There are 2 protein chains.
Amino acid sequence: MPKKQKTITIDGIDKKILRALMQDARTPILEIARNVGISGAAIHQRLRKLEKAKLISGSKFIINPEVLGYSTMAFIGIYLDKTANTTDVVRALKRIPEVLECHYTTGHYSLFIKLLSLNNTHLMHLLHEKIQSISGVQRTESLISLDQVIDRQIHI
Amino acid sequence: MPKKQKTITIDGIDKKILRALMQDARTPILEIARNVGISGAAIHQRLRKLEKAKLISGSKFIINPEVLGYSTMAFIGIYLDKTANTTDVVRALKRIPEVLECHYTTGHYSLFIKLLSLNNTHLMHLLHEKIQSISGVQRTESLISLDQVIDRQIHI
DNA sequence: ATTGAAAATATGACATC
DNA sequence: GATGTCATATTTTCAAT
């Protein structure tokens with residue numbers, strides 16, 4: 001059954017708080033308070049409200065993969081055998097650290113993944129030795145990102 | 001010309017620091033210090049080193065789009081006319097807040113985007129009224145994500 | 001990398017409206 | 001229910017070593 005999720009309403013102050021923290025999760029609450037014009041304690045309480053409503057699902061430091069040598073991002077469509085156990089395939093994909101996203105999708109593919117590799121040789125290795133060797137994987141189709149020109153979260 | 005990016009080497013302590021902050025960007029430096037076993041100031045200096053090396057490109061609060069009613073994620077492959085000005089198309093895509101990623105890609109498509117919509121009706125509206133009406137866009141192919149089962153950053 | 005100290009911040013209790 | 005004030009604990013930050 002689908003996870004039901006209440007939608008909540010947020011006002012202008014909530015938006016300002018969220019925008020500041022979406023941009024830099026370490027922005028001090030008191031700094032936000034000064035910009036917004038209410039007390040730090042009030043910001044604090046609103047944040048607890050937003051967390052309770054699960055609107056905020058955490059915070060992350062963003063690592064620049066290029067500095068670690070990861071220069072190739074690719075999207076891979078995966079065809080599975082009719083008899084394949086999808087759960088097992090996903091479990092195997094989780095064990096490949098280069099796989100960053102995995103989706104069940106409509107359309108031709110059974111699974112659709114996003115991955116990051118050091119270069120094209122590494123990508124080929126991942127495809128042939130890691131992904132296509134998973135039991136149940138029939139074939140794959142690759143889409144290599146030459147340049148990512150938009151990368152953002154939903155607008156608030 | 002491609003952006004050259006020096007790759008740096010990081011040791012076990014750097015990894016522990018990064019793992020803690022990738023999981024929760026607001027983890028206090030002193031708490032990390034206690035877990036790692038060195039002083040807070042040392043952590044602080046390492047973080048400055050990592051920032052200088054551009055390994056850390058910032059921090060973000062992660063918003064749960066479902067709570068705002070966004071329940072449908074889709075990937076769209078875009079075919080452009082031969083005469084289309086790609087830069088202009090990207091500029092137009094940037095003005096659509098639901099578009100979260102945009103890539104220049106190899107393969108059939110000229111552009112490949114990831115977007116988030118409220119539901120299938122909204123997705124159809126985005127496709128027909130917003131994306132396919134951009135000058136230069138010839139046609140699109142959609143891939144709807146029914147469930148995202150992996151979502152993570154590169155492993156450190 | 002460490003220590004120590006000053007400044008800034010986070011956080012909770014309580015009062016207010 | 002949302003906010004402000006205050007007191008205290010904790011953290012950040014920067015020297016000097």
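Because the structure is a prediction, the values reported are computed rather than measured. To find a chain, count down the sequence lines: A is the first, B the second, and so on, and within it residues start at 1.
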Sub-4.5 Å side-chain heavy-atom contact between A/Asp14 and A/Leu55: no

Check whether any side-chain heavy atom of B/Ile78 sits under 4.5 Å from a side-chain heavy atom of B/Ser110, and report yes or no.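 Not in contact.
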
Can you confirm whether more than 12 heavy atoms, excluding those of B/Arg48, are under 6.0 Å from its CZ atom?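 Atom CZ in B/Arg48 is not crowded, with 12 or fewer foreign heavy atoms closer than 6.0 Å.
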
Please check if atom CD in B/Gln23 has more than 12 non-hydrogen atoms from other residues, nucleotides or ligands closer than 6.0 Å.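 No, the 6.0 Å shell around CD holds no more than 12 heavy atoms from other groups.
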
At a 4.0 Å cut-off to heavy atoms of chain A, the contacted part of DNA chain C spans C/dT9 to C/dG12

Scan for side-chain hydrogen bond (donor to acceptor under 3.5 Å, both in side chains) pairs involving residues 117-126 of chain A, sequence neighbours excluded, and state none if there are none. A/Glu98-A/His122

Just jot down the salt bridge (Lys or Arg N to Asp or Glu O under 4.0 Å) partners of A/Arg139, sequence neighbours excluded, or say none. A/Glu141

Set of salt bridge (Lys or Arg N to Asp or Glu O under 4.0 Å) partners for A/Lys114, sequence neighbours left out: A/Glu101, B/Glu101

Check for a donor-acceptor pair, side chain of [X] on one end and backbone N or O of [Y] on the other, with a separation under 3.5 Å.
X	Y	answer
A/Gln153	A/Met22	no
B/Thr105	A/Ser145	no
B/Asp11	B/Ile13	yes
A/Arg19	A/His155	no

Identify, residue by residue, the members of residues 33-49 of chain B with a heavy atom below 4.0 Å from DNA chain C, and return them in order of residue number, or none. B/Ile38, B/Ser39, B/Ala41, B/Ala42, B/Gln45, B/Arg46

Listed by chain and number, what are the side chain to side chain donor-acceptor pair (under 3.5 Å) partners of B/Tyr70, not counting sequence neighbours?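 With sequence neighbours excluded, B/Tyr70 shows a side chain to side chain donor-acceptor pair (under 3.5 Å) to no residue whatsoever.
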
Hits for side chain to side chain donor-acceptor pair (under 3.5 Å) against B/Thr106, two or more places apart or cross-chain, chain-then-number order -> none

Compile the donor-acceptor pairs under 3.5 Å between side chains in residues 27-45 of chain A and protein atoms, sequence neighbours left out, one pair per line.
unit_1, atom_1, unit_2, atom_2, d
A/Thr27, OG1, A/Asp24, O, 2.6
A/Asn35, ND2, A/Glu31, O, 3.4
A/Ser39, OG, A/Ala42, N, 3.2

Results of ring-ring contact (aromatic ring centres under 6.0 Å, His included) for A/Tyr104 - residues two or more places apart only: none

Tell me, which of residues 9-26 of chain B have any heavy atom that sits under 4.0 Å from an atom in DNA chain D?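 Residues of residues 9-26 of chain B that come under 4.0 Å of DNA chain D do not exist, since none gets that close.
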
Can you give me the first and the last nucleotide of DNA chain D (5' to 3') that has an atom within less than 4.0 angstrom of a non-hydrogen atom in chain A?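 Reading along DNA chain D, I get D/dA2 to D/dT12.
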
Using five base pairs at each end to define the local axes, how bent is the helix from C/dA1-D/dT17 to C/dC17-D/dG1, to the nearest 10°?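 The value is 30°.
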
